[in-house]
Amino acid sequence: MAPIVSIRNLTKSYASGFTALKGVDLDIEEGEILALLGPNGAGKTTMISIVCGIVTPSGGTVTVAGNDILTDFRKTRAIIGLVPQELTLDAFETVWNTVAFSRGLHGCKPDPALIERILKDLSLYDKKDTVLRHLSGGMRRRVLIAKALSYEPKVLFLDEPTAGVDVSLRKDMWQLVERLRAAGVTIILTTHYIEEAEEIADRIGVINHGEILLVEEKKALMAKLGRKQMTVELAEPITAIPDALAPYGLTLGEEGHRLVYEFDSSGERTGISSLLSALSQCGLRVRDISTEQSSLEDIFVELVGAGK
Amino acid sequence: MNFEAIKSIYFFEMARTRRTLLQSVVSPVITTSLYFIVFGAAIGSRMQEVQGVSYGAFIAPGLIMLTLLNQCIGNGSFGIYFPKFTGTIYEILSAPVSMIEIVIGYVGAAATKGLIVGTIILLTASLFVDISIKHPLMMVLFFVLTAVSFSLFGFMIGIWAKDFEQLNLFPMLIVPPLVFLGGSFYSIHMLPPFWQTVSHFNPVLYLVSGFRWSFYEIADVSPVVSLVTVLCFLLVCLSITAWIFKTGYKLKN
Ligand SMILES: Nc1ncnc2c1ncn2[C@@H]1O[C@H](COP(=O)(O)OP(=O)(O)OP(=O)(O)O)[C@@H](O)[C@H]1O
Ligand SMILES: [Mg+2]
């Protein structure tokens with residue numbers, strides 16, 4: 001199946017001369033959830049803004065459902081929803097009116113029943129007549145989401161949807177994303193919370209300095225780059241690693257109480273059983289063993305760190 | 001054409017007027033009433049008639065134009081400047097609309113407001129002085145064309161303005177002198193020849209003169225010239241707007 005969003009060699013130099021995107025290629029499949037990770041200033045918002053029509057690209061092409069975002073902008077923008085990073089709302093408008101406005105702006109006939117449902121889904125219905133400047137930050141974030149959902153987009157960009165959002169609301173947000181995915185909506189979200197990407201994304205893209213460093217299935221990424229660690233707690237401390245254990249590349253820590261073994265979890269043989277028998281042959285008594293998998297966060301830090 | 005979008009923008013803007021009713025309607029009515037009390041009743045009664053029309057009645061079309069111009073420029077510029085200022089413009093830019101819908105929505109709303117306030121001023125004026133409208137159709141034509149062109153002009157200012165100071169530059173500093181020196185309160189025939197010539201470079205002269213002609217059949221310049229001037233101004237504003245949208249000038253990075 002053709003990707004729903006296809007970005008080819010996209011570049012952007014701002015008027016200041018700063019190059020925010022340096023030839024980005026990215027395909028987004030219909031119905032998937034793609035998480036974009038990247039440090040501040042990586043170019044995430046710039047990329048999203050170009051796809052949505054807020055920023056003009058300097059070079060390259062973007063198509064959405066087969067239509068070019070510049071020449072067929074009416075078709076592409078009608079099916080794209082955007083929840084911007086900044087909480088920009090008209091302070092004097094009411095919740096209901098601003099959501100209805102978004103729907104009309106996207107060429108849809110009024111549908112009060114739909115708006116009512118969206119507001120209820122986002123626990124905003126009791127605030128429908130409240131003026132926006134009287135809402136808390138988390139509520140405003142939800143209003144922005146309601147606005148973007150008001151015209152039932154097929155592709156939804158969420159630019160840091162959970163920034164400054166409390167834990168329970170974040171969980172709600174994840175559930176919402178799940179529901180939308182079940183309804184067939186393609187979702188692209190940016191986040192600085194790596195556990196968020198780990199939790200909800202199908203694929204993960206890492207962007208830094210205006211370049212996509214990688215895009216991978218989450219599971220494959222974790223398996224490929226995810227190293228496992230086994231920590232062995234010794235009953236009696238040792239001063240040096242016995243020669244017989246040299247091939248395992250162990251590190252000694254905690255004043256001789258702890259041996260750390262790193263292995264590749266996707267490999268055929270992990271070497272754990274042979275290490276354990278080697279330990280007992282050396283006469284070392286083991287008190288405890290624990291294993292730990294490197295998180296997406298470690299992977300991310302490693303990737304972005306390498307780019308520096 | 002995305003008609004729903006035009007409707008949305010238009011009614012959104014009209015709703016904003018309702019919220020600021022005092023500022024949009026009441027204040028120009030009070031200002032104009034003061035003009036009529038001072039110039040129409042107090043001083044006007046001691047003034048000679050101008051070309052067969054009482055002074056109070058003579059200044060009415062100019063005062064209506066003054067209000068119309070200020071309202072249209074103010075509303076037209078604020079309507080687009082405000083979303084730019086708050087950042088909500090992102091929504092307009094990412095919506096499936098072209099410049100045509102945006103302009104019809106914003107400029108249409110600004111012109112409507114201008115026309116409503118202008119009509120109220122006309123009614124207010126008729127309470128103070130005797131007003132006759134000899135050419136109602138021409139009067140409406142001038143009224144509507146002026147409202148549309150100056151709302152469009154305001155819209156361009158709103159896009160161009162970087163801050164509130166620039167936004168207020170035209171309504172506060174440029175429009176009043178043009179209106180006052182454009183024959184709103186006198187016929188330019190009362191001026192020395194040099195200043196008569198200078199006045200002909202003032203576009204507002206043509207507006208006021210044509211508008212006044214539709215009331216009393218007295219004019220400083222031929223009404224046809226007035227009409228052509230207004231149409232040219234509209235055309236210039238339309239072309240600049242088209243260019244702004246083509247290039248994304250000051251709207252997109
Ligand atoms: N209007 C602009 N003019 C000039 N430079 C800009 C403009 N907008 C963004 N930039 C620069 O482009 C780079 C990328 O910005 P962008 O907002 O896309 O980053 P981001 O990945 O979204 O970061 P964050 O995580 O902080 O939101 C930054 O270095 C920023 O300073
Ligand atoms: Mg950003």
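Each chain gets a letter, A, B and so on, in the order its sequence line appears, and its residues count up from 1.
- Among the candidates Gly53(A), Ser49(A), Ala148(A), the residue making the largest number of heavy-atom pairs closer than 4.5 Å to chain B is Gly53(A).
- Within 6.0 Å of CE in Met1(B) there are more than 12 heavy atoms belonging to other residues, nucleotides or ligands.
- The most heavy-atom pairs under 4.5 Å with chain A, out of Phe11(B), Phe82(B), Phe3(B), come from Phe82(B).
- Residues in residues 64-74 of chain B take part in these side chain to side chain donor-acceptor pair (under 3.5 Å) pairs, two or more places apart or across chains: Gln71(B)-Asn75(B).
- Contact annotation for Ala78(A): both backbone and side-chain heavy atoms come within less than 4.5 Å of a heavy atom of chain B.
- For residues 99-129 of chain A, the interface with chain B (any heavy-atom pair closer than 4.5 Å) comprises Phe101(A), Ser102(A), Gly104(A), Leu105(A), His106(A), Gly107(A), Cys108(A), Lys109(A), Pro110(A), sorted by residue number.
- With a 4.5 angstrom heavy-atom cutoff, Ile69(A) does not touch chain B via any of its atoms.
- Side-chain atoms of Arg77(A) come within 3.5 Å of backbone atoms of Ala95(B) as a donor-acceptor pair (strictly under, hydrogens ignored).
- In terms of non-hydrogen atom pairs under 4.5 Å with chain A, the most contact-rich of Pro96(B), Ser98(B), Gly87(B) is Pro96(B).
- Interface summary for chain A: among Ala15(B), Ser94(B), Gly105(B), the most heavy-atom pairs under 4.5 angstrom belong to Ser94(B).
- Summarising the geometry, atom SG belonging to Cys52(A) is positioned 10.0 Å from atom OH belonging to Tyr90(B); distances are rounded to the nearest 0.5 Å.
- Residue with the most contacts toward chain B among Lys75(A), Arg74(A), Lys12(A), Lys147(A): Arg74(A) (heavy-atom pairs, distance under 4.5 Å).
- Of the listed residues Glu101(B), Lys7(B), Arg16(B), the one with more heavy-atom pairs under 4.5 angstrom with chain A than any other is Glu101(B).
- For residues 57-66 of chain A, an interface with chain B (any heavy-atom pair closer than 4.5 Å) does not exist.
- For residues 84-98 of chain A, a heavy-atom distance under 4.5 Å to chain B picks out Pro84(A), Thr88(A), Leu89(A), Asp90(A), Phe92(A), Glu93(A), given by residue number.
- Within 6.0 Å of OH in Tyr193(A) there are more than 12 heavy atoms belonging to other residues, nucleotides or ligands.
- With chain A as partner, the option from Thr86(B), Val97(B), Ile89(B), Ile6(B) having the largest number of non-hydrogen pairs under 4.5 angstrom is Val97(B).
- A 6.0 Å sphere centred on CD1 of Ile100(B) holds no more than 12 heavy atoms belonging to other residues, nucleotides or ligands.
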